[in-house]
Chemist: 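The structure that follows is given in the form of structure tokens.
Keep in mind the model is a prediction, meaning the values are calculated, not measured.
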Amino acid sequence: MSSEQDHLKDTDTEARFEFKKEQNAAVKSDKGLTEEVIRMISEDKDEPDWMLERRLRALQQFQNMPLPTDWPGQPDLTELDIEEIVPYIRPDVDKREGVDDWTELPDEIKDTFDKLGIPEAEKNALSGVGAQYESEVVYQNMQEQWEEKGVIFMNMDRAVQEHPELVKEHFMTTCVPPSDNKFAALHGAVWSGGSFVYVPEDVTVEMPVQAYFRMNSEGMGQFEHTLIIAEEGSEVHYIEGCSAPKYGTHNLHSGGVEVFVGEDAHVQYSTVQNWSKNTFNLNTKRAIVEENGTMEWVSGSMGSKATMLYPCSILKGRGATDTHITIAFAGEGQDIDTGAKVYHNAPNTKSTIESKSISKDGGRTNYRGLVHIADGAENSSTAVECDALMFDNESTSDTMPYMEIEESKVDVAHEATVGKIGDEDIFYLQSRGLDDDDAKKMIVAGFIEPITEELPIEYAVELNRLIELEMEGSLG
Amino acid sequence: MARLELNNLHAEVADGDEKILEGVDLEVESGEIHALMGPNGSGKSTTAKVIAGHPAYEVTEGEVLIHLEEDEFGEDIEIGEDQRTWDLLELEPNERAALGVFLGFQYPAEIEGVTMTNFLRTALNAKIEEREELFEDEKGDEEEEGDEGFETSPMEGPADEGEVGVAEFQGILQEKMEQLDMDEKFAQRYLNAGFSGGEKKQNEVLQAAILEPSIAVLDEIDSGLDIDRLQDVSNGINALRDQQGTGILQITHYQRILDYVEPDYVHVMLDGQIAKSGDASLAEELEDKGYDWVREEVYGTA
């Protein structure tokens, strides 16, 4: 243990004690985001000095940066009180140790699992208390196979301890530095949990690397960090699912994802996320793609009060390729502002963005995209397609596709459609025996089919069911 | 046996006061083929849509009834004395479908992302379920048929009791598609999306063959068909009548389809009413002489 931490230990024993043992006291004792809190987190994880230093530097940057407020059509963040966020982290930590009984979970989570038709054993796994879930065993078996090939897949906190060199080099340095934006800085200060994936040169991981239950089981998933390093010629599909609402006590999720796609490497990052309706979901996800590498983003964004999320690919090497497929769903009182960013920084790079959104009961979806083609990135091409589907006249959908093209020898295409669910379509299905609700569900399921076909079957089923439940207005 | 009955049906466009139907009387029974002819704008398509419950039309007067006899849905459903006649105007479109009314569209909707197989199986099961609900009171304590354990696709969920499972449905679909001489690739295509005009019409007949309606109203099913496709579609319509005993109300402009689907009755619609009815020879007369002579005969003016 470092001398710094020893010092902390001496001066702060009582607070740490409370932090660990008394969940209510922990919530009450620390208000606001302070250096003390950051040190506490770092010490609790027994982190090396360099990580603590990065956290503290990020904290400083966070304190010096303003909240984004002036983007056109930006979601309203005024209800987000950042000074209150730390107390919302704490109960999570305690829950990791404290919830050992299904019955202690909030009702809305239990209800959701019931409505999703998830059996009891699986519910326990999803809530993070069932260690014996079948998938866990499968996961262990697969892990051995990967390890033989040099693949690393572990909790991010553990990676800091066991692979410090890899983490030190890649963690919030060149891809998502804390200075990138206020929430990246916040994330750098308070991050916890998440996944670390390393795939050595020329290794193909055939099955998707899945972190399905991680968000719940790790407790502090609100600020999870995912770091994926795919070396030259390697291939991996990382998939992350959080298909249950988070604990009702949370109100901010600020995750960070960094992906390094080596030369000729291929990474697919897929996620299906469903947040409780009181969550601000503000994330930074970015990939750096080397020569002839391919990055694919597939994401389903559900739930939350407001989401601001624009997965980004930096096409750094010649011939690098990016694909974005995203879907957003906004119901009553929700503002889902999501899209994609691509920087074409080298010649012969290519990007494809396909965005679909559904809004209902006054919900708002917005596609906010940025495609930047740098001077000298000749023979690059981009195609952007945005489709919006609205259920009623109260719902809104906007499209804000920014294009910054500095090179003339490029191919740029943009296409956007906005439509209300057609009465004729519904009538057609009704005349075949489907009731009004089922007809709408079928139309929406068809609308999102391009996403679901990219996902492993269990995620596709989950996504379909979640959207069905959203449409019934029965998710809390 | 089933009988569809339109009595003095008046209807107008729901968000205006434009009158379209001004007292239509018509009866179609199981096993009969009726041709409903008439010039553009005479109210033929509106009649079809009102029967099926299209929300764009408001019925201001009259009734649309369906009478069902005991044998209508096989042994699955027992039709009580008090449930033999239903007023369709009081029912949702899907309930009308469950009672055996089918509308073949002139311009079917295109639904992206929904495969034919998924759609048709969902529709068939929805219809079975709705029927059970409509006739619930009469079902009594009859034991429900157990789940026969058909294979199911995870995307579509497991088959509930009494539902048609994926594997069983594949069989049904394949058989019907062969009858209609449809390419098996149809099963995995998205519902009507990118279908040619002819393929869409064929698809309407396929749906009728699978949903087995008591009465099928086919709205200009012959428009946009080349001669080969017209024959396929006509064979399909004849099979509906001959094999399932469906009563057909065939809406058409032209004599052409009636060469293949021979009507028992021909009705001429003018200005929102049935102006004249007759047998198949009436259609030939219309082909020769147009509609004006009917107008002259009925109204005494051209």
Chemist: So Val114(B) and Leu429(A), do their side chains get closer than 4.5 Å, heavy atoms only?
Modeler: no
Chemist: Can you classify the ring geometry of Tyr428(A) versus Phe105(B) as parallel (below 30°), tilted (30 to 60°) or perpendicular (above 60°)?
Modeler: perpendicular
Chemist: Taking atom CG of Asn94(B) and atom CD1 of Ile426(A), what is their separation to the nearest 0.5 Å?
Modeler: 12.0 Å
Chemist: For Gln174(B), look at atom CD and say whether over 12 heavy atoms of other residues, nucleotides or ligands are found less than 6.0 Å away.
Modeler: no
Chemist: Given heavy-atom pairs under 4.5 angstrom as the criterion, report whether the side chain, backbone, both or neither of Leu120(B) touches chain A.
Modeler: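 No part of Leu120(B) comes within 4.5 Å of chain A.
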Chemist: Could you give the distance from CG (Leu434(A)) to CD (Glu130(B)), rounded to the nearest 0.5 Å?
Modeler: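 The CD atom of Glu130(B) is 10.5 Å from CG of Leu434(A), to the nearest 0.5 Å.
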Chemist: For Ala98(B), which atoms come within 4.5 Å of any heavy atom of chain A: side chain, backbone, both, or neither?
Modeler: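 For Ala98(B), no heavy atom lies under 4.5 Å from chain A.
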Chemist: Can you tell me how far OG of Ser431(A) sits from CZ of Arg96(B), rounded to the nearest 0.5 angstrom?
Modeler: 11.0 Å
Chemist: Hey, does Glu112(B) have a side-chain heavy atom less than 4.5 Å from the side chain of Glu449(A)?
Modeler: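 SC-SC contact between Glu449(A) and Glu112(B) ruled out.
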Chemist: If every non-hydrogen atom of Gly433(A) is compared with every non-hydrogen atom of Ala126(B), which pair is closest and at what distance?
Modeler: O-CB, 3.3 Å
Chemist: Whether the Tyr107(B) and Glu424(A) side chains hold a donor-acceptor pair (N or O, under 3.5 Å, no angle test) is what I'd like checked.
Modeler: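 Per modelled atom types, Tyr107(B) and Glu424(A) side chains form no pair under 3.5 Å.
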Chemist: Is the number of heavy atoms from other residues, nucleotides or ligands within 6.0 Å of CD (Glu332(A)) greater than 12?
Modeler: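 Not more than 12 within 6.0 Å, no.
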Chemist: CE/Met442(A) to CD1/Ile111(B) distance, rounded to the nearest 0.5 angstrom?
Modeler: 9.0 Å
Chemist: Is the closest side-chain heavy-atom distance between Arg432(A) and Leu211(B) below 4.5 Å?
Modeler: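 They are in side-chain contact.
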Chemist: Above 12 or not: heavy atoms from other molecules or residues under 6.0 Å from NZ of Lys350(A)?
Modeler: no
Chemist: Using a cut-off of under 4.5 Å on heavy-atom pairs, state which of Pro213(B), Ala193(B), Pro108(B) scores highest against chain A.
Modeler: Pro108(B)
Chemist: Roughly how far, to the nearest 0.5 Å, is CD of Glu92(B) from CG of Asp436(A)?
Modeler: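 Here the rounded value is 7.5 Å.
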